[in-house]
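Presented below is the structure to which this report refers.
Everything numeric here is computed off the predicted structure, so don't read it as measured data. Below, read A as the first sequence line, B as the second, and so on, with proteins coming before strands; counting in each chain starts at 1.
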2 protein chains.
Amino acid sequence: MEPVTKQETRHTINNFVSVDCVIFGFDFTQLNVLLVDRVMVDELTGKEIFSDLTLAGNHIYEDEDLEEAAARILFDLTGLKDIYLEQFKTFGAPGRISRANDKLWLEASGRDPNDRIVTVGYYSLLATDKVTLEWKGRNVRWTPVSEVTELAFDHMEILNEALIALRQSLIREPIGFALLPSKFTLSQLQRVYEVILGVSLDKRNFRKKVSRMKYLVSLEEKQIGVAHKPARLYSFDRDMYESTRKELLDFAI
Amino acid sequence: MEPVTKQETRHTINNFVSVDCVIFGFDFTQLNVLLVDRVMVDELTGKEIFSDLTLAGNHIYEDEDLEEAAARILFDLTGLKDIYLEQFKTFGAPGRISRANDKLWLEASGRDPNDRIVTVGYYSLLATDKVTLEWKGRNVRWTPVSEVTELAFDHMEILNEALIALRQSLIREPIGFALLPSKFTLSQLQRVYEVILGVSLDKRNFRKKVSRMKYLVSLEEKQIGVAHKPARLYSFDRDMYESTRKELLDFAI
DNA sequence: CTGCTTTGTGTAGATTTTACACTTATAGAA
DNA sequence: TTCTATAAGTGTAAAATCTACACAAAGCAG
């Protein structure tokens, strides 16, 4: 935001800006993340040079806002629009692209691997159903978050930060409801919290807690076809949530 | 993070990256923000073309991490190091530099005003004492946050987002202690919360609340020389805080 | 010694948190 | 029809926290 003056010669002008999406997928069993296969092949011999995994990222187009770029990437991978998407942190350390594979990869696509790429991190959360599992000719796969140990670039760090931010959001905002069908049971809702936060919760206390939320509406309807006592169904009332959400006030330093 | 392929022609490569610092200053009366005078003068006539206010921002140097750039700006303005500094959001809308003054300003410093500048927002919090009030030959001033109504670029939006993030941090982390001398009274501590959050708190309930925090240590020492009952002094024990901080767990959707 | 100013303190009622175990409704198998 | 497996649904007591609210004590200045 500051004009360049003549004294300042240490400036960089080739800062490329990209967006990386940490797409979390919930499936009632575990929390997954969408990872993209990155395979580099020797053009002459056809032999594989290396193969690893990355988050889904892309540069931003000229006419796009950052969030639009993230939504585009999300759409390309999943075919879904209007999905919960949140910016959480921007990464721009000069050495964030320093590993050999990453440099090779950039060179192969005509970039100077010494340029800095500043990347804006977004995360999103959706149910792992009906997502396109192909992107730019590359394989895309759901991987349980707990099993991800190594990623290209600094994507492991980005994933870790995203997970922290996701959990904070889940605690403070009703983003878990988007993972459920429009009518759901309290056990399903509890599962959302348990899986994403990685904790186990007491059933009775959980119900006591959510029963205080006016935007959780109890339907006069039950599950059918289940081989046990059928659960009552509930739905999420967004309008009620919007109108009763209280501003943060009491502090808990 | 994604190599450019031939099909993708809509990409931008001239994305300049800058850092903007929202420097909050606390003075027991109000919350202030450091603003920089921006005056544009006609080179020939010497007449003022316009004058307004901006946040403190700068591009990032080649060898700097984003946070280092923010810390450098903070140091240049205040002469202070190791101050609380937090990244909160990145702004990159294509039209974020669209007002006439802003375009003139960029042109005057040899930039193409149609280039996009992606800026990473940081905020910091300090006591309004002993800060350098000059920066790059321009005037720098503390302005009460409540009186800021218009800023250059999209800096008003950036300020608003920073304020929200600051308040959240104050509520969740003990960042207020840095504004106080090493020995302080509970009334001073209460004032920190009241001024920054913009609320008034009940004295007894506040004391009950903070008395539960083990890292707030009560000293066997009192104020001297005050024309009223002298207050007991307290200090903040960072080690105790680090060792007893509980991970967020109970959720409050 | 009087007045001014700020400190410091307690209680009762309401709400929330925590830990904890048994009965009920249904589908499917015997 | 009965039995079995499975998940649903429910209450209580103790502890902790939250909320609203008013007056005496300590020091300095005059």
Side-chain angles (χ1 to χ4, degrees), chain A residues 27-29 170-172 174 180-181 183-195 197 199-235 244-253, chain B residues 27-29 170-172 174 180-181 183-195 197 199-235 244-253:
Chain A
D27 69 3
F28 285 104
T29 304
L170 181 69
I171 286 171
R172 308 198 200 300
L180 300 171
K183 297 174 181 182
F184 52 85
T185 71
L186 292 187
S187 294
Q188 291 175 316
L189 183 61
Q190 181 174 342
R191 199 87 188 105
V192 167
Y193 286 90
E194 291 183 325
V195 166
L197 298 179
V199 296
S200 76
L201 301 171
D202 179 89
K203 182 165 53 158
R204 278 181 286 195
N205 293 340
F206 179 83
R207 281 158 189 255
K208 226 177 301 176
K209 185 151 200 160
V210 298
S211 71
R212 269 177 243 127
M213 302 164 185
K214 297 218 186 70
Y215 51 84
L216 181 69
V217 311
S218 163
L219 305 174
E220 295 306 318
E221 208 173 330
K222 296 182 177 211
Q223 278 182 314
I224 45 175
V226 288
H228 55 75
K229 179 170 177 176
R232 155 160 266 156
L233 296 176
Y234 290 78
S235 71
T244 62
R245 59 138 84 243
K246 46 172 174 270
E247 300 305 319
L248 64 100
L249 191 56
D250 46 29
F251 62 97
I253 35 178
Chain B
D27 68 3
F28 285 105
T29 304
L170 182 69
I171 286 172
R172 310 199 198 298
L180 299 172
K183 298 173 181 181
F184 52 85
T185 71
L186 292 188
S187 295
Q188 291 175 316
L189 183 62
Q190 180 174 343
R191 198 90 186 102
V192 167
Y193 286 91
E194 291 182 326
V195 167
L197 298 180
V199 296
S200 77
L201 301 172
D202 179 87
K203 181 166 54 158
R204 278 183 285 195
N205 292 339
F206 179 84
R207 282 159 187 252
K208 226 177 302 178
K209 184 151 200 160
V210 298
S211 71
R212 269 176 241 127
M213 301 164 186
K214 297 218 187 71
Y215 51 85
L216 182 68
V217 310
S218 164
L219 305 175
E220 296 305 317
E221 208 174 330
K222 297 183 176 212
Q223 279 182 313
I224 45 173
V226 289
H228 54 76
K229 178 170 177 177
R232 156 161 265 156
L233 296 175
Y234 290 79
S235 71
T244 61
R245 56 137 86 244
K246 45 174 176 268
E247 301 305 319
L248 63 100
L249 190 59
D250 47 29
F251 62 96
I253 36 178

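- Look at CG on A/L233: it is 14 Å from C1' on D/dG9, rounded to the nearest Å.
- Distance B/R212 CZ to D/dA15 P: 16 Å, rounded to the nearest Å.
- By the salt bridge (charged side-chain N to carboxylate O under 4.0 Å, His left out) test, B/R204 pairs with no residue at all, sequence neighbours left out.
- Across the protein-nucleic acid pair, A/R207 atom CZ and C/dT17 atom C1' stand 18 Å apart, rounded to whole Å.
- Side-chain contact between A/L219 and A/F184 is absent, with no heavy atoms from C-beta onward closer than 4.5 Å.
- Atom NZ of residue B/K222 and atom NZ of residue B/K229 lie 6.5 Å apart, to the nearest 0.5 angstrom.
- Contact annotation for B/T185: no contact, since no heavy-atom pair falls under 4.0 Å across all strands.
- If you take CZ of A/R191 and P of D/dA8, they are 11 Å apart, rounded to a whole angstrom.
- Among all heavy-atom pairs drawn from A/F206 and A/L186, the shortest one is CE2-O, 3.8 Å.
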Base, backbone or nothing for each nucleotide of nucleotides 21-30 of chain D, written B, S, -, heavy atoms under 4.0 angstrom, 5' to 3'? BB--BBBS--

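- Going from atom OG of B/S187 over to atom CZ of B/R207 covers 5.0 Å, rounded to the nearest 0.5 Å.
- Residues that satisfy the side-chain hydrogen bond (donor to acceptor under 3.5 Å, both in side chains) test with A/K208, not counting sequence neighbours, are A/N205.
- What separates CD of A/E194 from C1' of D/dA7 is a distance of 14 Å, to the nearest Å.
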